[in-house]
2 protein chains.
Amino acid sequence: MKQNPKTLLPSDLEDVLGYNLKRASVVMQNVFRDAQGEEGLAPRVFAALALVVEFPHVTQSVLAVKLGIKRSGLVAIVDELEDRAFLARTTVPGDRRVQALVPTEAGIAAFNNAAAKVRAKEAETLADFSESEVLTLLELLRKIRGHEGDE
Amino acid sequence: MKQNPKTLLPSDLEDVLGYNLKRASVVMQNVFRDAQGEEGLAPRVFAALALVVEFPHVTQSVLAVKLGIKRSGLVAIVDELEDRAFLARTTVPGDRRVQALVPTEAGIAAFNNAAAKVRAKEAETLADFSESEVLTLLELLRKIRGHEGDE
DNA sequence: TATTGTTATACTCTATAACTATA
DNA sequence: TATAGTTATAGAGTATAACAATA
């Protein structure tokens, strides 16, 4: 007997949360790149810088965990931020294995500048959202992120 | 004068919508892969199959637009679905350039099976969400997706 | 033995550009 | 000239595995 997709599949792709999250994520990623411009920071580099500014002297291993990536993958990101003179790898007395990451004045300024541009562009895109809608969305996304360590 | 990140940066990474979307998207992507298992469909292959099942005889160009990717990138996806005998590329009378994609019985069954597993696993992950929270989240994500063509 | 940072390597996802066969 | 599908190629982003230095 031949199956009829329309009647046997009341739920389709548009009802899959993961799919909607992915597509919406791509939209805001494009907004981010548009905000930063051609020579601007990539999203993941911005995220790393943000955490170094927020947590000065964070180690690479800890930062990788915070970002949800492997520490091997963080090397290139920190290299770029160091090349741009936005942070410095500094040795820590007592444990010569670790590289504490310290933001420079230029790094802090660059982060503030980039963050302001992101906030402005995101607000522009979210012009059709009420303030409470934005807050609700952030709250629900953080609730999903509460399952980050699961698998 | 030395800047103090704590006082000068009231808004941090956690307030960036794009960052929260990306992290939440990764969580649900892992849920998806966990649901499908080792030999299961990748998210993008599942999405393509879903649309072929929903829109039989869709062309590759149209499908690529629906998925938000370039048609060159769709080739490998359709190749995989054809290799698995989940769909067939069929010629269309009147225009020998186009390849209409038609789901097979096995493809429809595989989609139903995969979709059921995704629904179950997503529901499991969203056990701490109320029904209205899930609906609200989907609604807000679709509202963001309304800006898909912007840039 | 275990951990930190690093390198080498590979895989996934996507893009751009050029090709072919049709239109 | 333009379009549909394809190929070749490259670039992000991430992972695994192994290494050197250090603990």
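Order of the sequence lines fixes the chain letters, A, B, ..., with proteins taken first and strands second; residue numbering starts at 1 for each chain.
- Interatomic distance, CD1 of A:Ile69 versus CG of A:Leu63, reported as 7.5 Å (0.5 Å rounding).
- For the side chain to side chain contact (heavy atoms under 4.5 Å, CB included) with A:Leu49, the lone residue among A:Leu51, A:Val53, A:Val45 that qualifies is A:Val53.
- The span of DNA chain C lying next to chain B, judged by atoms under 4.0 Å from heavy atoms, is bounded 5' to 3' by C:dC13 to C:dA23.
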Indicate for each nucleotide in nucleotides 2-11 of chain D, in 5' to 3' sequence, whether protein heavy atoms under 4.0 Å reach the base (B), only the sugar-phosphate (S), or nothing (-).
BBBBBB----
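- Residues A:Arg145 and B:Glu14 are paired through a salt bridge, judged by an N-O separation under 4.0 Å between the basic side chain and the carboxylate.
- The main-chain N or O of B:Arg96 is never found under 3.5 Å from a side-chain atom of B:Thr91 such that the two would form a donor-acceptor pair.
- Heavy atoms only, all atoms of each residue included: B:Gln60 and B:Leu74 are closest at O-CD2, 3.1 Å.
- The interatomic distance linking A:Leu67 (CG) with D:dA15 (C1') rounds to 15 Å, in whole Å.
- Residues B:Ala85 and B:Ala106 share a closest heavy-atom pair of O-CB, 3.9 Å.
- Looking at A:His147 and B:Asn30, their side chains never bring a donor and an acceptor atom within 3.5 Å of each other.
- Looking at B:Glu139 and B:Arg142, no side-chain N of the basic residue comes within less than 4.0 Å of a carboxylate O on the acidic one, giving no salt bridge.
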